[in-house]
Each structure stands twice: as C-alpha cells, then as structure tokens.
Amino acid sequence: MDYEFLNQENIPDYIRSRSELTGTINADAITSITEVGDGNLNLVFIVEDSLGQSVVLKQALPYVRLVGPGWPMTPERGAREANALVTHAALSPGLVPVTYFFDHDRYAIGMENLSGFRVWRGALIEGLRHEGVARDMGRYVADVAFGTSVLGVDAEVHKGLVAQASNPELCKITEDLVFAEPYDDIGRNAVLETNQPDADEHSKDPDMIRAMGEAKWIFMTHAEALIHGDLHTGSVMVRADHGNEGPSGSKAFDSEFAFYGPVSFDIGALWANYAISAARHVALGNEEMAHWSLGLVAQTWNGFVERLRELYPQRIDSRVWKDDLLESLVTRWKQEAWLFAAAKMSRRIVGLAKAADIETLEPSIREGAARGILRLSRHLASQSYTNTDIENFVSLAETVLRDNRTGH
Ligand code: SR1
Ligand code: MG
C-alpha cells in the first residue's frame, strides 16, 4: 500500500491540488495545521486560514493506528466512510458533517470542520448536559434506516447498494472485538487486576456466550440498512458553547464502519455508551448526572420511533407492508438493541479499545464501575427478549451500577 501520508509540511500543497476546496480554505494563508485524531484508526487534521476558514482532512492509514503497522488495515475504509457520510447527510440533513471530496489515491476525505463543536464523550465525561442530542441521534438512525433500506429504496437498486458498500475488514474488527474476543481472549484483553475475576466470570457465562452468538449472527446476516456501524458517544459532535437554547447542533461522524447491517446495532451502541457514562458518574458520586445519562436511552429510542412513524407512510411498497409490519420491526429492533447494548458495553471494559469515561477513573473506583458494566451487560443480554421496556433498562442500570460501586 504505497501512498503519501498527510503531514504539516505537505498539507498546503495538497490543499492547492484539491479544486473542491476552492473558496473553503486558502492554502496561501494557512495559520494552523493541527493533528487531532483521537480515534483508533486514522490521521485527522484541522487546517485553518487567516480568513477564519477551515477544513478537516481525514486520512485512512494502511494499519490500525492504535496498534501500529503490526495490524494492517485496508485504507479502503476511507471510501466506505465517504459513501456513508454523503448518503447519510442527504437523508438526515444537518445531523452529519458536509463532505467536500474523497481522494481515492491518498485515501483522504475533505470535510466540514465543525468549529464550535466538540466530541460528545468528552462533554459527558465533564458532566455537561447537551439536551436534544440523544433524540437527534435516534432520528438520525431512523432517517438512515428508512432511507437506505427497502422501505425507502427500490429492491433491485438496494441489492446493488448492499454489494457496493461491503466493508469486510471493518466488519471483522467488530465481529472479533465486540462479539468474540471478550469470550475468547487472543491476547488483546486487559482489565485491572481487581477486575480479573469479573472478566473471567463474564467470559465464561454460558448464557452470555449464547446471547453474543445470537448478536453476532444478527450483525453478520441482517443487511437491512447502511448503518453507521460505530455510533458511540465518541462518534457524535455537540456544540462546545453548550447553551440549551436553539438547535442542539448534533452531528454523527466517523462512519468508516458503515455497512448494510442491522438497524438496531446503532441504537444499541448509543445505549451502551449512555450506560458507560452513567457508570462513570455513579462511581464519582454524581447521581444526578448518572440519572441524566440514563435518561438518554429513552430519548434516543423515542426519537427513533417517532421519526420512523413519520417516514413509514412514504414506504415504496405497501402491498403487504402494512402498519403491523412497522410495529413488528420496532419490537424486534428494540429486543436486538438490548443485545447489542450488552455487547457494546462489556467489550469496552474487557477488550481492546476502551472508553475514556471509565479509563480516566482512579483505579479504586474504576473497579466498581467496570464490574457494574459487566454485570449490567449480562442482565441486559438475559432480558433482551423478555422485558425490553426502557424503564426496565434504566432501573436495571441504576441498581446494578449503584450496587457495585467501590472506593467510597
Ligand atoms: C481496532 S479499532 C478498535 C475500535 O475502535 C473503533 O472505534 C471501533 O469501535 C473499534 O472496535
Ligand atoms: Mg471511530
């Protein structure tokens, strides 16, 4: 894989070479080039000029940045991400950054710099409450679910789109890191010594293994819609100025894991990360913030269902897809979201690529937060087809996280 990586020195010339950026940024007046990539895979630069204009350049490296060249990874993921960004932005205007170009020679995307925005996970860690974002994300998932599934796309066209968006390498990361490795360590798992018995109990629980087998099957076989594929709170930007007035300004970004998969996966990912935020705040004794974080579960779900109901009358084939199909989809997706939430929260405790919400806690209280997440994950998995009321999710989370607190 031979292509030049972007850096501080070559970016001005690179910008000059991209006609799509004319009028967006002036390569002769650049004032700063800052590498801000805090994800696990890519280089991300914010470039600013003296006129106050800016752009983001994101480049896929031929390996996993978190691990280094020892873990090669196709940079074609940049093409998958650009496709998802453009498709999602068209379907969910305002909730996805604008893409200016994808450069297939350098695997680089030029996109809108969301100045005045910050990553939601960081805001949640600080205990900041951005109202409306969780609901926006539910609406975004619904826009994508409707607009990229056979509800909104001609069946023949859909089959072609599914093939084009195939993203096997990135799917394999999820199949391994989320569903399999927490139960079959190949040397990438790690926990605090005090949490090792919890990790062992988790990985050996036959009910959890069965549930994760079911979740993995759904993930690998339900090619429903062009899902985001990694919709945790680090994949959402929120307004940095944090007033609760006006539009919340939520944006879903970083969709390189996008593929045609189960709609419920994105919902489950969000829920898992709300629970992870709650676990942090329970551990710190911030009960109100923990309660607020868990309130996001209902907001995302309600936003999702509300938007689906708005869109459903426009379905392109209503011959046998009557209102009862929508009800059955909603019921099924909720059950699956419980399973995926369970999978997505425990992998962040046990496996590679952890969550800063938990990792930045001092070990004596991190121990309880990690234990609480692992136990909650198993409760959710075991109840995913029985009691899937959102109130049950929240009350399980409140009880289990509180009961496992340590260090106080
Ligand atoms: C090797 S990539 C590790 C993780 O980072 C991404 O955010 C995904 O969640 C992936 O599983
Ligand atoms: Mg990411």
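As the structure lists them, so they are numbered: ligands from 1, and atoms in each ligand from 1. Just so it is clear, the values below take in all heavy atoms, side chains as well, and ignore hydrogens, waters and symmetry mates.
- Nearest heavy-atom pair across Ile276 and Ala355 is CG2-CB, 4.0 Å.
- The shortest heavy-atom distance from Glu175 to ligand 1 is not under 4.0 Å.
- Between Tyr107 and His104, the distance from one ring center to the other falls under 6.0 angstrom.
- Note on ligand 1: His232 sits in its first shell, one or more heavy atoms being nearer than 4.0 Å.
- The Mg ion (ligand 2) lies at 2.8 Å or more from every N, O or S atom belonging to Glu256.
- The N, O or S atom of Asp254 with the smallest distance to the Mg ion (ligand 2) is OD2.
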Does the pair Arg375 and Asp403 meet the rule for a salt bridge (Lys or Arg N to Asp or Glu O under 4.0 Å), with working shown?
-> CA-CA 10 Å; Arg375 292 189 175 166; Asp403 288 353; over 6 Å; no

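- Of the protein's non-hydrogen atoms, Asn40 ND2, 2.6 Å is the one closest to atom 5 (O) of ligand 1.
- In this structure, the protein non-hydrogen atom closest to atom 7 (O) of ligand 1 is Asp230 OD2, 2.7 Å.
- Each of the atoms 3 (C), 4 (C) of ligand 1 lies under 4.0 Å from some heavy atom of Ala353.
- Not close to ligand 1: Leu66, with no non-hydrogen atom less than 4.0 angstrom away.
- Scanning the protein heavy atoms around atom 11 (O) of ligand 1, the nearest turns out to be Arg347 NH2, 2.7 Å.
- Residue-to-ligand polar distances keep Lys344 apart from ligand 1: every N/O pair is separated by 3.5 Å or more.
- In this structure, Tyr260 has its ring center closer than 6.0 angstrom to the ring center of His158.
- The local environment of CD in Glu193 is sparse, with at most 12 non-hydrogen atoms from other residues, nucleotides or ligands closer than 6.0 Å.
- Between Trp71 and ligand 1, no pair of N/O atoms sits closer than 3.5 Å.
- For Phe304 and Trp301, the ring centers are positioned less than 6.0 Å apart.
- Heavy-atom proximity to Phe257, at under 4.0 Å, picks out these atoms of ligand 1: 6 (C), 8 (C), 10 (C).
- Of all atoms in ligand 1, listed by their number and element, those nearer than 4.0 Å to a heavy atom of Val64 are 1 (C).
- A salt bridge does not link Glu156 to Lys159: none of the charged side-chain nitrogens sits closer than 4.0 Å to a carboxylate oxygen.
- Residues Asp254 and Lys58 are paired through a salt bridge, judged by an N-O separation under 4.0 Å between the basic side chain and the carboxylate.
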Evaluate the side-chain contact (heavy atoms from CB on, under 4.5 Å) criterion for residues Val47 and Ile15: first the C-alpha distance (whole Å), next the side-chain angles of each, then the deciding distance (0.1 Å), finally the verdict.
-> CA-CA 10 Å; Val47 188; Ile15 287 176; 3.8 Å; yes

